[in-house]
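This report refers to the structure that appears directly beneath it.
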Amino acid sequence: MKVVNLKQAILQAWKERWSDYQWAVNMKKFFPKGATWDILNLAEALLEQAMIGPSPNPLILSYLKYAISSQMVSYSSVLTAISKFDDFSRDLCVQALLDIMDMFCDRLSCHGKAEECIGLCRALLSALHWLLRCTAASAERLREGLEAGTPAAGEKQLAMCLQRLEKTLSSTKNRALLHIAKLEEASSWTAIEHCLLKLGEILANLSNHQLRSQAEQCGTLIRSIPTMLSVHSEQLHKTGFPTVHAVVLLEGTMNLTGETQPLVEQLMMVKRMQHIPTPLFVLEIWKACFVGLIESPEGTGELKWTAFTFLKIPQVLVKLKKYSHGDKDFTEDVNTAFEFLLKLTPLLDKADQRCNCDCTNFLLQECSKQGLLSEASMNNLMAKRKADREHAPQLKSDENANIQPNPGLILRAEPTVTNILKTMDADHSKSPEGLLGVLGHMLSGKSLDLLLAAAAATGKLKSFARKFINLNEFTTHRSEESTKAASVRALLFDISFLMLCHVAQTYGSEVILSESNTGGEVFFFETWMQTCMPEEGKILNPDHPCFRPDSTKVESLVALLNNSSEIKLVQMKWHEACLNISAAILEILNAWENGVLAFESIQKITDNIKGKVCSLAVCAVAWLVAHVRMLGLDEREKSLQMIRQLAGPLYSENTLQFYNERVVIMSSILEHMCADVLQQTATQIKFPSTGMDTMPYWNLLPPKRPIKEVLTDIFAKVLEKGWVDSRSIHIFDTLLHMGGVYWFCNNLIKELLKETRKEHTLRAVELLYSIFCLDMQQVTLVLLGHILPGLLTDSSKWHSLMDPPGTALAKLAVWCALSSYSSHKGQASSRQKKRHREDIEDYISLFPLDDMQPSKLMRLLSSNEEDANILSSPTDRSMSSSLSASQLHTVNMRDPLNRVLANLFLLISSILGSRTAGPHTQFVQWFMEECVDCLEQGSRGSILQFMPFTTVSELVKVSAMSSPKVVLAITDLSLPLGRQVAAKAIAAL
């Protein structure tokens, strides 16, 4: 007998009362092998027949149960069929459906193609919607039953519904599948949220507490599905976080002029990666600031730190506040951080002693002004600190009473900077004398450094420098002028020139050059600075054409310096004199060497050079420094003697206004200029001790010791201490310059791999990450592109990847990768621009990514493996083994970091697919675990987008990684293909 369709077959079975087993056997005879039961919609057909009457047909239901148990029908088809039933008034039918769901709702699985797994996600979503509607209908009936006095029936059904809901939702796997389904079908999820609201309203008046709390629990579980990846526990067992400490110290010591946004992002990154609670995070920032204040070298260093602590960090916290959820919470956290800080009495006392004031008081006022603390909290904290200070007699000594404290001065300097900028905006030609008065006032005492530090900390230094460049340029163009106007012009030129040199030496030349208006005119000072000013790491050629100007002008300048008793100011073109002085000095030196000029004449000439305008002396010494480098040992004497002559002040009545103040700045500039040459030629030049600070952090490296020893030594000290101090930061920076990025990174990683105690390795990672912040981009390229692949592909090095150093290295690699990836869309900071940038082409040839030419690394790996085992199943053959989310997002693969990441993940994929396991496999697992641990919810642009999709199915085979949450975290769910891969991996768990 040939049956035409399913419906007839089911009816015949019912008429002849076949047993479930007999039914299954006959069904397989009736229908040809080609079609699957799901295509024929068997589950739906059985349910349709079973649910015709007021109560379900038990025989046909038994067929369905048999079909489910023997896997004739898929779970998704059963769930879809159930969710189509909507006559909730037929109690018995609803209960029968709930019983069927009970059979499998907590152990759903699917081992078919990716499309079938996505089908299961969608079916589960519609089944959840059906369950909620069913619960709402039962609750509605219970409410009506209570009013009518017959509650029992409704209560039983409501309890059954809630039980199934709880059973379905308590499985993490189901919640993960629902998470994917929500992204696939946003509209269905909205319907579920509406249903939840409606259910909440109906159940609000329910007297049965147990049922109500059960319903609330289910509601909470459903609401947690969209955010199931963002829940991270914070570290509560630790109180010190050396990474935050070092990042703040590094920024305060080396990058005061940097913008606040990159620092804020870097700090947030550290906070996220290390799961630091906000109060302890803010506390660590303050601790670092106070340590910086105490450690900072006298003079400019101290002023820079004061400006950083009292002006820049409150701004950083204002930006951090925007990242935190809710203003109230953040002010609460800042208050808690200060409460903790007040307990560190010795630290605060030492800072107060160094700054000669109550530092905490200034900080609290500043935070309150920025809206980071409420008035009440501020007063409460001030009172506590005041009471504490009563017990410290050394803080109240009289000897320091007349010294004004730096924090107060810096806070007052900040509005002054704004006023000066306004003054400088005015038309200079109208009142040059008034402007000169303002500038003269700036030069006295430590005013200049105070103002520059305040400007640097508030991001105004660039516009400050720009205004001085404009002023300097203004003084180079002159028409008819009186003697008085000429002297004012000479002074304005000199002061602006000296100030700009001082800014460049104190804060780096980028501050001055960065905003040059391209295409427009190039100003004299910028030209001079780029070509003629000696800086650390910049070697000048004394024979360069820029030092060889027009010969007739040079001759007249030599004559002027040699013959006249003093230089005439009227119509003098100072910028030309500055450009010609180098050639003039060469002529004069030659004349002296050949005995044409006596030493007395040289003295007269040098007095003339520095007598009116100190800038001429600066330009002369700039060339002499370059010249001395090129001379042999026995030829240097006269040039060095000339530098000595130019360095001292002129004791004469006939100097221009503000001479002493200008000489102070000139001496400081010359000392910085000559430092390198004097060190190399082992010469001493006594610069007048002028009240400016000596050069901090100079000659840091011990002579005659190999730099590798110095590196391991300083790292061991830092590790023992548990935090990086500013002196060590400078030593690490010098070593990084000297040894290069690969040498630096490789040797520090070797030190890390030697550690065998868990707590030591963890501390080492926190410190190494902060040391690597000196040049994170380049270090990351070396670490992920050279050092890790070297360790993972060489079996003789696998033993070094054992736990604990292996775990630590995995953590460090992920932290570096995440930091570089998140920040490399922005710009490198100024202190990193000075370094040699690796050529992008190097990385392209090292890591070719087109399929025609696999990189050397990948050829090495695949030589002894067939490609088949990289692919997870025959159905996925169409998917290239290296296809990843980044290719679908069309990420720029010419970028070195993207290439390195893509290659690292190809290597990881290959290790997981290979047949040999070992410490390197374990390392890959730790690396992936750390990636999952550090990620935030929904971060589409994370480093995991470079992981090939095929890696997911390999990872799930590793027991520690076989959890639904891990799969959700490592796949890019914003892509349909990503969702398919995730659904397939989760459904098979």
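The first residue of the sequence shown is numbered 1, and numbering continues consecutively from there. Given the structure is predicted, the values throughout are model-derived calculations rather than measurements.
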Side chain to side chain donor-acceptor pair (under 3.5 Å) involving T243 - partner list, sequence neighbours excluded: Q274
Which residues pass the side chain to side chain donor-acceptor pair (under 3.5 Å) test with S374, sequence neighbours left out? S377
For A456, which residues count as a side chain to side chain contact (heavy atoms under 4.5 Å, CB included) partner, sequence neighbours excluded? L256, T257, L461, Y507
Taking ring pair (Phe, Tyr, Trp, His ring centres under 6.0 Å) as the test, write out the residues that go with F732, two or more places apart. none
Selection residues 276-291 - residue pairs positive for salt bridge (Lys or Arg N to Asp or Glu O under 4.0 Å), sequence neighbours left out: E284-K287
List for me each residue that meets side chain to side chain donor-acceptor pair (under 3.5 Å) alongside T761, sequence neighbours excluded, and say none if there are none. none
Taking only Lys NZ, Arg NE, NH1 and NH2, and the carboxylate oxygens of Asp or Glu, determine whether K717 and E720 approach each other closer than 4.0 Å. no
So, using side chain to side chain donor-acceptor pair (under 3.5 Å) as the criterion, who are the partners of W286 when residues are at least two apart? none
Sequence-distant partners of F281, ring pair (Phe, Tyr, Trp, His ring centres under 6.0 Å), two or more places apart: none
Going by ring-ring contact (aromatic ring centres under 6.0 Å, His included), name the pairs with one or both residues in residues 242-266, residues two or more places apart or in two chains. H245-W723
Report the residues that fulfil side chain to side chain contact (heavy atoms under 4.5 Å, CB included) with Q370, sequence neighbours left out, ordered by chain and then residue number. P314, Q315, V318, E366, L372
For P279, enumerate each residue passing the side chain to side chain contact (heavy atoms under 4.5 Å, CB included) test, keeping only those at least two apart in sequence or located in another chain. P277, D333, T336, F340
Looking only at the side chains, is there a donor atom on one of S726 and T253 sitting less than 3.5 Å from an acceptor on the other? no
Listed partners of K384 passing side chain to side chain contact (heavy atoms under 4.5 Å, CB included), at least two apart: E339, L342, N380
Identify whether the distance between the nearest side-chain nitrogen and carboxylate oxygen of R763 and E755 falls below 4.0 Å. no
